[in-house]
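Please read the structure below before turning to the comments.
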Amino acid sequence: SFYRLEQKVNHNLNLYKQDCYNEIKRVEKSMKSLEQVFTHNLKVYQEDINQRLNYYESSLLIIQKLKQQINILIKEAEKKLPEQKFNESNLSKIVELKKVFLEEFYIKFENRFRGSKEEIKKRLQIYLPYIDKKAFVLDLGCGRGEWLELLKENQIDAVGIDLNELSVQELNQRNLKAIHSDALTYLKTLPDESIFAITGFHIIEHLPFETLIELLQESFRVLKKDGTIIFETPNPKNLGVGACNFYTDPTHKNPIPPHLAKFLLEFTGFKDIEILPVQKFEPIKLQDSALQPFVDEWINQSEDYAVIGRK
């Protein structure tokens with residue numbers, strides 16, 4: 001009986017050893033999969049950090065130049081008005097100088113981080129099937145005008161609205177229709193049901209929540225029946241975007257998750273709402289199937305998405 005007991009103990013011990021071995025292998029496999037994910041993300045973050053360092057260095061040079069120009073204006077004002085630091089003329093010059101500086105800054109910022117005009121124009125082609133050839137499109141925050149140019153090439157009438165006066169001047173010189181105005185202010189001047197389509201690419205993440213709601217409400221008011229609205233914005237479900245890249249733009253307010261964007265359009269009254277991923281990419285596939293759902297949910301995601309609805 002002692003021999004049988006010994007055999008049973010040895011058998012159970014071997015089973016336990018085998019279970020331990022299998023568990024170790026499973027953990028090693030999971031660790032290897034996690035290492036792949038972390039290595040990929042580390043590379044992405046390192047590249048982004050390098051880009052941001054270059055951007056901050058160039059911004060510092062621009063700020064130093066602005067400071068020198070302001071100091072020159074102050075000295076000129078002090079010479080002309082010894083008893084007064086500033087007069088109305090000099091103050092207006094400084095205000096205008098600041099405005100031009102910010103406009104130049106954002107143009108250079110877009111050129112560095114938004115992507116080339118050719119690349120963006122090619123990416124925007126995904127939206128053409130949503131726009132009727134006979135439609136008139138109002139593009140809010142038209143920026144460098146890639147969308148306006150694409151619409152013009154496809155014989156679709158459009159006008160852009162942008163707060164950046166330098167950008168608007170440049171677009172008009174290229175024979176593209178653009179108006180220097182605040183988007184919400186301009187919408188309020190339009191009559192009910194007067195526009196076929198309203199678009200905005202990377203504008204809604206710049207707005208405070210109350211302004212965004214009002215913008216959607218005004219858009220709904222001015223759109224014709226069955227009119228289309230398209231807003232593209234960074235996708236915070238992509239971990240690289242949500243954790244880092246979104247905050248590269250200092251004028252961004254808050255990231256807008258896709259499910260929130262869809263709800264906002266529903267709340268405003270839009271129907272047939274669609275969430276459209278923008279970029280095509282090669283998804284990461286892991287050996288460990290247990291981690292794959294996490295990677296698909298938070299890493300294998302387009303960096304931008306569009307929310308599309310109809311009135």
Please determine whether residues V307 and I131 belong to a single hydrophobic cluster, defined as Ile, Leu, Val, Met, Phe, Trp and Tyr linked transitively by side-chain heavy-atom distances below 4.5 Å. no
When rounded to the nearest 0.5 angstrom, what distance separates CD in Q169 from CG in N164? 9.0 Å
Hey, could you give me each pair passing ring-ring contact (aromatic ring centres under 6.0 Å, His included) that has a residue in residues 208-236? Not counting sequence neighbours. F220-F270
Crowded around F263 CZ? As in, over 12 foreign heavy atoms under 6.0 Å? no
Are L215 and Y186 connected, step by step, through hydrophobic side chains (Ile, Leu, Val, Met, Phe, Trp, Tyr) whose heavy atoms are closer than 4.5 Å? yes
salt_bridge(K271, E266) N-O dist < 4.0 Å: no
Can any side-chain N or O of K311 pair as donor or acceptor with the backbone N or O of L223 at less than 3.5 Å? yes
Q292 side chain vs I284 backbone, donor-acceptor pair below 3.5 Å: yes
Please check if the number of heavy atoms outside K134 that lie under 6.0 Å from its NZ is greater than 12. no
Where do I299 and N238 land on the side-chain contact (heavy atoms from CB on, under 4.5 Å) test, with the steps shown first? CA-CA 5 Å; I299 297 175; N238 179 298; over 6 Å; no
H252 side chain vs F246 backbone, donor-acceptor pair below 3.5 Å: yes
Between C142 and I161, does a side-chain contact (heavy atoms from CB on, under 4.5 Å) hold up when you go through it step by step? CA-CA 6 Å; C142 56; I161 307 296; 5.8 Å; no
Just verifying a value: how many Å separate H259 NE2 and I275 CD1, rounded to the nearest 0.5 Å? 10.0 Å
Spacing of CD belonging to Q125 relative to CD1 belonging to I120, to within rounding of 0.5 Å: 12.0 Å
Before you tell me yes or no, could you show the steps for K237 and E297 under salt bridge (charged side-chain N to carboxylate O under 4.0 Å, His left out), namely the whole-Å CA-CA distance, both residues' side-chain angles and the distance that decides it to 0.1 Å? CA-CA 7 Å; K237 288 202 72 173; E297 181 73 11; 2.5 Å; yes
Could you grab the distance from atom CD1 of I198 to atom NZ of K224, nearest 0.5 Å is fine? 12.0 Å
Any donor-acceptor N/O pair, S302 side chain to Q279 backbone, under 3.5 Å: yes
Taking the side chain as every heavy atom from C-beta outward, state whether I195 and F136 have any atom pair closer than 4.5 Å. yes
Charged N-O contact under 4.0 Å between R221 and D192: yes
Would you say the side chains of D139 and T199 form a donor-acceptor pair under 3.5 Å? yes
Using the salt bridge (charged side-chain N to carboxylate O under 4.0 Å, His left out) rule, take K122 and E118 through it: C-alpha gap first, then chi angles, then the decisive distance, then the call. CA-CA 6 Å; K122 183 177 179 181; E118 294 75 19; over 6 Å; no
Counting only N and O atoms by type, is there a donor-acceptor contact under 3.5 Å from the side chain of T211 to the main-chain atoms of L207? no
Starting at CD of E165, measure out to OG of S181 and round the result to the nearest 0.5 Å. 11.5 Å
Does the side chain of H206 reach to within under 4.5 Å of the side chain of D249, using non-hydrogen atoms? yes
Do D304 and E232 make a side-chain contact, defined as non-hydrogen atoms from C-beta onward lying under 4.5 Å apart? yes
In L184, I203, I204, the residue satisfying side-chain contact (heavy atoms from CB on, under 4.5 Å) with L212 is I204
Any D226 side-chain heavy atom under 4.5 Å of R310 side chain: no
With a 4.5 Å limit on heavy-atom distance, are the side chains of P255 and E205 in contact? no
Would you say that I308 contacts Y130 through its side chain, given a criterion of any heavy-atom pair below 4.5 Å between the two side chains? yes
Interatomic spacing from CD1 in I179 to CG in L171 - rounded to 0.5 Å: 11.5 Å
Can you say whether the rings of F201 and Y127 are parallel (under 30°), tilted (30 to 60°) or perpendicular (over 60°)? tilted
Any ion pair linking E170 and R174 (charged N to carboxylate O, less than 4.0 Å)? yes
Could you check whether any side-chain N or O of D162 sits under 3.5 Å from a backbone N or O of V168, counting only pairs where one atom can act as donor and the other as acceptor? no
Quick check: do L138 and L140 have side-chain heavy atoms less than 4.5 Å from each other? yes
Would E218 and K188 pass as an ion pair if we require N to O under 4.0 Å? no
Cluster check I156, F196: I/L/V/M/F/W/Y, side chain < 4.5 angstrom: no
Shared hydrophobic cluster for I213 and L190 (ILVMFWY, side-chain gaps under 4.5 Å): yes
K152 side chain to A158 backbone, donor-acceptor under 3.5 Å: no
Looking at D296, is its backbone amide N or carbonyl O close enough to the side chain of Q301 to form a donor-acceptor pair, meaning the two atoms are under 3.5 Å apart? yes
Would L150 end up clustered with V278 when hydrophobic side chains under 4.5 Å apart are linked, directly or stepwise? yes
Please confirm whether K121 makes a cation-pi placement over W147, using NZ or CZ under 6.0 Å from the six-membered ring centre and within 45° of the ring normal. no
Could you check if a side-chain atom of I230 sits within less than 4.5 angstrom of a side-chain atom of T228, using non-hydrogen atoms only? yes
So, T268 versus Q217: side-chain donor-acceptor pair below 3.5 Å or not? no
Lys/Arg-Asp/Glu bridge criterion (N-O < 4.0 Å) met for K177, D157: yes
